[in-house]
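Each chain gets a letter, A, B and so on, in the order its sequence line appears, and its residues count up from 1.
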Amino acid sequence: MTTSPNTGSATTSTRGGPARVRYAPSPTGDPHIGNIRTAIWTWLYARHTGGQFIVRLEDTDQTREVPGSLDRILGSLLWLGLNWDEGPDIGGPFAPYKQSERLPLYHAAVDRLLADGNAYRCFCTPAELDEMRKRQQEEKRPPGYEGKCRDIPREIAEARALDEHFVVRFAVPREGSTTVEDLLRGPVTVENRTLDDFVILKSDRFPTYHLAHVVDDTAMEITHVTRGDEWLPSAPRHALLFDALGYPRPAYVHNPIILAPGGGKLSKRHGAKSVLEYAEDGYLPDALLNFLCITGWGHGDDTVMSRERLIEVFEIDAISLSPATFDAERLNWLNGVYLRQMPEAEFAEVVAKRLEIDLSPDVPRPLDRALVAKFTPLIKERVELLTDIAPLVDFFYLSEVATPPVEQFLAKKWKDQPQATADALAAVASDLEAVEAWDAATLEAALRATAERVGAKAGDLFTLVRLAVTGKTVTPPLFESMVIVGVAPCVARVRAAEGAIRASM
RNA sequence: GCCCUCAUCGUCUAGCGGUCAGGACGGGACCCUUUCAAGGUCCAGACAGGGGUUCGACUCCCCUUGGGGGCACCA
């Protein structure tokens with residue numbers, strides 16, 4: 001018997017219209033970044049079509065459950081701005097949205113499959129199955145259940161079920177083939193003989209993913225099933241289940257996974273963290289959203305796309321078929337782009353919040369917002385990650401900046417010239433004291449004059465001053481920074497540097 | 001081992017039978033410049049290989065190669 005191929009009716013009838021789609025995570029820990037990308041695409045598709053985005057908890061494996069997962073999953077979505085219309089926390093017309101609370105639904109489906117002869121009870125023990133697999137491996141045969149219990153007469157099976165552990169397996173047709181329509185790649189056909197009789201109900205009376213997916217996505221009227229393409233090989237099983245239960249099949253979108261640079265699985269080593277970790281590390285939600293969305297999907301020549309823009313132009317069937325590689329550098333660049341685009345006040349607030357985390361505990365909190373607002377314009381285009389900020393501006397907060405090692409001053413043009421260097425700094429200090437207005441333009445003019453007087457190039461002198469005042473070689477613009485630091489500390493720091501150099505002579 | 005799937009610059013992609021194969025990240029050069037950035041200009045860089053189909057293939061088909069995934073009482 002050949003299963004009739006899905007003609008794509010579900011696909012064509014729902015194209016373009018409002019989509020009911022779902023994100024269905026397992027509470028087994030923080031969602032993986034690839035998993036989140038699927039959620040983003042799914043959400044965008046719902047918003048693009050004016051449909052609904054639903055969250056459903058797939059908690060059918062009691063042994064793998066990690067406490068607190070649900071909160072972190074929902075927290076991740078929230079942080080990314082992926083709001084849901086129905087879910088385990090807010091309920092909805094098809095509640096409950098936790099599979100562990102929907103057991104009766106699965107049992108009803110199993111009863112029907114059993115009654116129709118599309119499923120059967122299997123009494124094989126785990127030990128027996130292990131042994132079977134071992135044998136298959138030795139004989140170089142494909143692994144899979146061979147149907148030992150498939151032909152047990154129903155009355156006998158029912159009797160044994162009274163006091164024996166059992167699972168329920170779907171009776172896959174032994175012949176023919178099954179075709180699944182994937183929105184991205186068209187028809188995918190597999191021979192039924194390559195499918196084994198998979199378990200749909202475990203011995204603890206919980207469903208497996210296969211059954212739960214079919215029952216719930218039907219009950220919740222999901223139009224498009226979006227999931228990672230590790231599910232593609234089992235999609236025909238699901239199709240068979242839909243057919244056996246007499247349910248219409250949803251449209252499927254199996255998207256490729258994200259690869260690590262160099263190939264293979266993505267891990268923390270490659271800069272892939274959980275969403276919440278990105279949040280902690282100071283990435284912007286919109287930047288991560290944008291980045292994840294365009295890795296594995298594209299819209300013409302566009303790269304930087306706002307949330308609104310993405311909703312507007314996102315087409316789910318434009319998802320790329322080949323697995324994309326995670327490009328952390330691109331993410332960082334995008335984060336910088338979003339940072340630079342931010343309105344001044346908003347940027348200042350983000351900076352302040354971050355500094356309250358990163359700055360030394362000696363600095364009193366809450367941070368002086370007026371001071372933050374002063375240097376914020378100086379650093380805006382110098383920051384890619386929020387963690388770049390503290391090292392760039394900490395000298396604004398220190399009453400005393402430690403003078404860097406003398407060697408740092410006596411480099412480049414000042415190499416082996418401690419006398420000239422010290423004299424130059426001395427000149428700087430006295431000229432700064434004499435300056436009549438403490439603003440950037442005046443300071444620059446004054447120090448350029450100083451440079452000429454001591455016979456140094458302006459840039460070389462500025463390097464000295466920068467080092468003395470900030471303790472760093474890389475800083476925000478020097479004169480603007482000095483204005484913020486103030487005349488007295490600047491002079492003191494320059495004198496301290498001068499002293500250190502003289503002491504080393 | 002069997003099955004499924006994918007294939008354009010280093011990376012993410014545009015292309016949907018006729019293009020100088022475009023853009024972005026990264027790289028290089030130059031400009032700007034008090035450091036570092038940002039910004040600007042420019043440069044290098046790809047259709048995996050082989051067969052077909054066609055007047056014409058990056059585009060369609062087949063094979064090879066390579067990558068990815070699946071074959072649990074996990075999802």
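- Of the P atoms belonging to rG28(B) and rU64(B), the separation is 42 Å, rounded to the nearest Å.
- Across the C1' atoms, rC42(B) and rC36(B) are found 23 Å apart, a figure rounded to whole Å.
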Could you list the donor-acceptor pairs under 3.5 angstrom formed between side-chain atoms of residues 444-456 of chain A and any protein atom two or more places apart in sequence or on another chain?
| residue | atom | partner | partner atom | Å |
| --- | --- | --- | --- | --- |
| Glu444(A) | OE2 | Arg448(A) | NE | 3.0 |
| Glu444(A) | OE2 | Arg448(A) | NH2 | 2.8 |
| Thr450(A) | OG1 | Asp431(A) | OD2 | 2.6 |
| Thr450(A) | OG1 | Ala446(A) | O | 2.9 |
| Arg453(A) | NH2 | Asp431(A) | OD1 | 2.8 |
| Arg453(A) | NH2 | Asp431(A) | OD2 | 2.3 |

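- Within the nucleic acid shown, Arg340(A) comes within 4.0 Å of sugar-phosphate atoms alone, with no base atom in reach, counting heavy atoms only.
- Shown here are the salt bridge (charged side-chain N to carboxylate O under 4.0 Å, His left out) partners of Asp71(A), two or more places apart in sequence or in another chain: there are none.
- Between rC9(B) and rC58(B), the distance separating the two P atoms is 15 Å to the nearest Å.
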Enumerate, atom names and distances included, each donor-acceptor pair closer than 3.5 Å involving a side-chain atom of residues 475-486 of chain A, sequence neighbours excluded.
| residue | atom | partner | partner atom | Å |
| --- | --- | --- | --- | --- |
| Thr475(A) | OG1 | Arg466(A) | NE | 2.9 |
| Ser481(A) | OG | Pro477(A) | O | 2.7 |

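- What separates CG of Asp301(A) from C1' of rU13(B) is a distance of 9 Å, to the nearest Å.
- With sequence neighbours left out, the ring pair (Phe, Tyr, Trp, His ring centres under 6.0 Å) criterion links Tyr278(A) to Tyr283(A).
- One finds no salt bridge joining Glu384(A) and Arg340(A) here, because no Lys/Arg side-chain nitrogen approaches an Asp/Glu carboxylate oxygen to under 4.0 Å.
- No side-chain donor-acceptor contact under 3.5 Å links Asn118(A) to the backbone of Leu113(A).
- Nucleotide rA7(B) is matched to rU65(B) when pairs are restricted to Watson-Crick or G-U wobble geometry with both distances under 3.5 angstrom.
- Nucleic acid contact class of Gly296(A) (heavy atoms, under 4.0 Å, all strands): sugar-phosphate only.
- Comparing rA48(B) with rG27(B), their C1' atoms sit 24 Å apart, to the nearest whole Å.
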Completion exercise
Expected string for nucleotides 26-36 of chain B under the B/S/- scheme (protein heavy atoms, under 4.0 Å, primed atoms plus P, OP1, OP2 as sugar-phosphate) is S-------BBB
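- For the pair Thr226(A) and Tyr45(A), the minimum side-chain heavy-atom distance is 4.5 Å or more.
- Nucleic acid contact for Thr28(A): none, since no nucleic acid atom lies under 4.0 Å from a heavy atom of the residue.
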Practice task
Indicate for each nucleotide in nucleotides 65-75 of chain B, in 5' to 3' sequence, whether protein heavy atoms under 4.0 Å reach the base (B), only the sugar-phosphate (S), or nothing (-).
Solution key: ---SBSBSBBB
